[in-house]
Amino acid sequence: GGSGHMRTRISELKQVTDLDILFLGSSHCYRGFDPRNFKDKKTFNLGSSNQTPIQTNLLLERYLDRINPGLVIYAISPDEFVNDGVESSLDIITNDDNDFGSVRMTFEVGNLKTFNTLIYAGIGDWFNMDDDFVEPLRRMTDTYVPGGYVERDMDTFKYQTYPKQEWKFRRMQLSKFHKNLEMLKERGIKTILVFPPLTSGLYNSYTNQRYIDSVFSSCGLEYYNFNKIMQLDDSLHFYDADHLNQR
């Protein structure tokens with residue numbers, strides 16, 4: 001269980017093949033790309049809470065060939081390149097079947113919480129302790145929508161300002177990101193990179209926006225920074241500083 005409905009998402013994913021569109025990324029992905037807006041396409045949202053390129057790599061290796069998407073929309077929030085990947089590793093280990101890829105990811109993250117969780121989850125897998133667990137589709141303010149999306153109850157956010165700051169990417173995350181792109185390229189899967197919108201107050205607090213754009217635009221793929229494309233209102237279109245509301 002846990003936030004983000006990863007258990008339900010993975011269970012549904014195992015029944016999916018031959019997608020038109022696969023969405024990848026963190027909560028900006030699974031709370032930002034609603035499959036109901038793509039009714040003429042077969043889509044699935046494989047986002048997860050704080051998913052970093054390390055966890056994306058594991059999920060692609062585990063499921064990509066079977067779900068066989070024609071197009072991948074990769075939501076690339078800079079925060080996930082700064083993140084250590086601990087939260088997302090715990091989420092995936094506890095809500096999916098574990099294999100050698102889980103062990104490799106655990107060593108790549110290198111945090112004691114991840115090692116402990118892998119051991120505990122491995123024991124649970126061995127004794128089938130979670131086989132009868134059913135995750136509720138409705139939890140607090142969230143409702144799971146088939147196709148991997150999580151709809152949050154309507155809420156709004158008040159405009160805020162933030163001190164000046166920079167995104168500082170981790171080398172491991174950037175390296176895994178390029179491996180993910182190479183994996184998709186090898187299979188001939190068209191990939192579009194999307195920087196999801198943040199509130200203007202948060203986005204404008206970052207002083208290295210041009211550097212971030214240069215990193216993503218240099219990948220040789222279509223890249224869209226929606227912080228520049230869309231004119232959204234911090235107090236109307238978000239429920240917190242970096243997640244869109246249903247409006």
Asker: Side chains of N245 and D155: is there a donor and an acceptor less than 3.5 Å apart?
Answerer: no
Asker: Classify the ring geometry of Y239 against H243: parallel below 30°, tilted from 30° to 60°, perpendicular beyond 60°.
Answerer: parallel
Asker: Any Lys/Arg nitrogen of R31 or E151 sitting under 4.0 Å from an Asp/Glu carboxylate oxygen of the other?
Answerer: no
Asker: As an exercise, state the distance from CD1 of I73 to NZ of K190, rounded to the nearest 0.5 Å.
Answerer: 8.0 Å
Asker: Distance alone, cut at 3.5 Å: any donor-acceptor contact between the side chains of Y144 and E12?
Answerer: yes
Asker: Would a 4.5 Å heavy-atom cut-off, applied to side chains only, mark Y30 and S49 as touching?
Answerer: yes
Asker: Checking side-chain polar atoms at under 3.5 Å, does Y224 have a donor or acceptor matched by the opposite partner on E222?
Answerer: yes
Asker: Are any non-hydrogen side-chain atoms of D213 and R210 less than 4.5 angstrom apart?
Answerer: no
Asker: Is the shortest distance from a Lys or Arg side-chain nitrogen in D96 or R9 to a carboxylate oxygen in the other one below 4.0 Å?
Answerer: no
Asker: Looking at H178 and C219, what are the two nearest heavy atoms and their distance?
Answerer: CE1-SG, 4.1 Å
Asker: Taking N50 for its side chain and G85 for its backbone only, find out whether a donor-acceptor pair lies under 3.5 Å.
Answerer: no
Asker: Check the hydrophobic clustering (I, L, V, M, F, W, Y; side-chain heavy atoms under 4.5 Å; chains of links allowed) and say if V82 and Y211 are grouped together.
Answerer: yes
Asker: Would you say I93 and N98 make side-chain contact, with heavy atoms under 4.5 Å?
Answerer: yes
Asker: Taking the ring of Y206 and the ring of W167, is the distance between their centroids below 6.0 Å?
Answerer: yes
Asker: Just wondering, more than 12 heavy atoms not from Y162 lying within 6.0 Å of its OH?
Answerer: yes
Asker: Transitively linked via ILVMFWY side-chain contacts under 4.5 Å: M6 with M129?
Answerer: no
Asker: Let me see the working for Y74 and V194 under side chain to side chain contact (heavy atoms under 4.5 Å, CB included), right down to the final yes or no.
Answerer: CA-CA 6 Å; Y74 197 159; V194 171; over 6 Å; no
Asker: State, to 0.1 Å, how close F133 and G1 come at their nearest heavy-atom pair, and which atoms those are.
Answerer: CE2-N, 3.7 Å
Asker: Rounded to the nearest 0.5 Å, how far apart are CG of L46 and CG of L24?
Answerer: 6.0 Å
Asker: Do you see a donor-acceptor pair shorter than 3.5 Å between the side chains of N68 and Y63?
Answerer: no
Asker: With a 4.5 Å cut-off on side-chain heavy-atom distances among I, L, V, M, F, W and Y, is there a chain of contacts connecting I119 to F127?
Answerer: yes
Asker: Do L236 and L198 belong to the same hydrophobic cluster, where Ile, Leu, Val, Met, Phe, Trp and Tyr are linked whenever their side-chain heavy atoms lie under 4.5 Å apart, directly or via other members?
Answerer: no
Asker: Looking at R247 and D233, is there a salt bridge between them, counting it only when a charged N and a carboxylate O are closer than 4.0 Å?
Answerer: no
Asker: Working to the nearest 0.5 angstrom, can you tell me the gap between L137 CG and T143 OG1?
Answerer: 8.5 Å
Asker: For D242 and H28, what are the C-alpha separation, side-chain angles and deciding distance, and is it a side chain to side chain donor-acceptor pair (under 3.5 Å)?
Answerer: CA-CA 8 Å; D242 58 344; H28 300 105; 3.1 Å; yes
Asker: Heavy-atom count check: over 12 atoms from other residues, nucleotides or ligands less than 6.0 Å from Q231 CD?
Answerer: no
Asker: Are F169 and V215 side-chain neighbours, meaning at least one heavy-atom pair lies under 4.5 Å?
Answerer: yes
Asker: Should the ring pair F177 and F216 be called parallel, tilted or perpendicular, given that the plane angle runs from 0 to 90° and is split at 30 and 60?
Answerer: perpendicular
Asker: Answer yes or no: is there a side-chain heavy-atom contact under 4.5 Å between P69 and F23?
Answerer: no
Asker: Strictly distance-based, threshold 3.5 Å: is any side-chain N or O of K42 a donor or acceptor partner for the main-chain N or O of T17?
Answerer: yes
Asker: Using side-chain heavy atoms (C-beta onward) and a distance below 4.5 Å, is K228 in contact with Y203?
Answerer: yes
Asker: Taking R138 for its side chain and M140 for its backbone only, find out whether a donor-acceptor pair lies under 3.5 Å.
Answerer: yes
Asker: Check each of E61, E108, E80 against K176 using the salt bridge (Lys or Arg N to Asp or Glu O under 4.0 Å) test, and report the only one that passes.
Answerer: E108
Asker: On a heavy-atom basis, which atom in S88 and which in S48 lie closest, and how many Å separate them?
Answerer: OG-OG, 3.7 Å
Asker: Looking only at non-hydrogen atoms, find the nearest pair between P196 and A75 and report the distance.
Answerer: CG-CB, 3.9 Å
Asker: Hey, any chance Y149 and V16 share a hydrophobic cluster, counting ILVMFWY side chains that come within less than 4.5 Å of each other, even indirectly?
Answerer: no
Asker: Looking at the rings of F238 and F157, which for Trp means the six-membered one, are their centres under 6.0 Å apart?
Answerer: no
Asker: Is there a side chain to side chain contact (heavy atoms under 4.5 Å, CB included) between S89 and I54 once you walk through the steps?
Answerer: CA-CA 9 Å; S89 67; I54 292 175; over 6 Å; no
Asker: Run the numbers on I67 and L13 for side chain to side chain contact (heavy atoms under 4.5 Å, CB included), then give the verdict.
Answerer: CA-CA 8 Å; I67 60 180; L13 177 68; 3.8 Å; yes
Asker: If you measure from OG1 on T106 to CG on L112, what distance do you get to the nearest 0.5 Å?
Answerer: 11.5 Å
Asker: Mind listing the closest non-hydrogen atom pair of G4 and V150 along with its distance?
Answerer: O-CG2, 3.8 Å
Asker: Rounded at 0.5 Å granularity, tell me how far NZ in K113 sits from CG in D84.
Answerer: 9.0 Å
Asker: Are side-chain heavy atoms of S200 and Y159 found at a separation under 4.5 Å?
Answerer: yes
Asker: To check you understand the geometry: which heavy-atom pair defines the closest contact between R104 and L58, and what is its length?
Answerer: NH2-CA, 4.3 Å
Asker: Examine the side chains of N95 and D91 and answer whether a donor and an acceptor come within less than 3.5 Å of each other.
Answerer: yes
Asker: Is there side-chain contact between T43 and L22, with heavy atoms separated by less than 4.5 Å?
Answerer: no
Asker: Can you tell me which residue among R62, K14, R7 is in a salt bridge (Lys or Arg N to Asp or Glu O under 4.0 Å) with D97?
Answerer: K14
Asker: So how far is it from F33 CZ to N45 CG, rounded to the nearest 0.5 Å?
Answerer: 8.0 Å
Asker: Say whether T56 and Q51, considering side chains only, have a donor N or O and an acceptor N or O under 3.5 Å apart.
Answerer: yes
Asker: Taking Q173 for the side chain and T52 for the main chain, is one N or O donor matched with an acceptor at less than 3.5 Å?
Answerer: no
Asker: Does K158 come within less than 4.0 Å of D234, counting only side-chain N to carboxylate O?
Answerer: no
Asker: Take I76 and F81, measure what side chain to side chain contact (heavy atoms under 4.5 Å, CB included) needs, and give me the verdict at the end.
Answerer: CA-CA 8 Å; I76 44 172; F81 290 77; 4.2 Å; yes
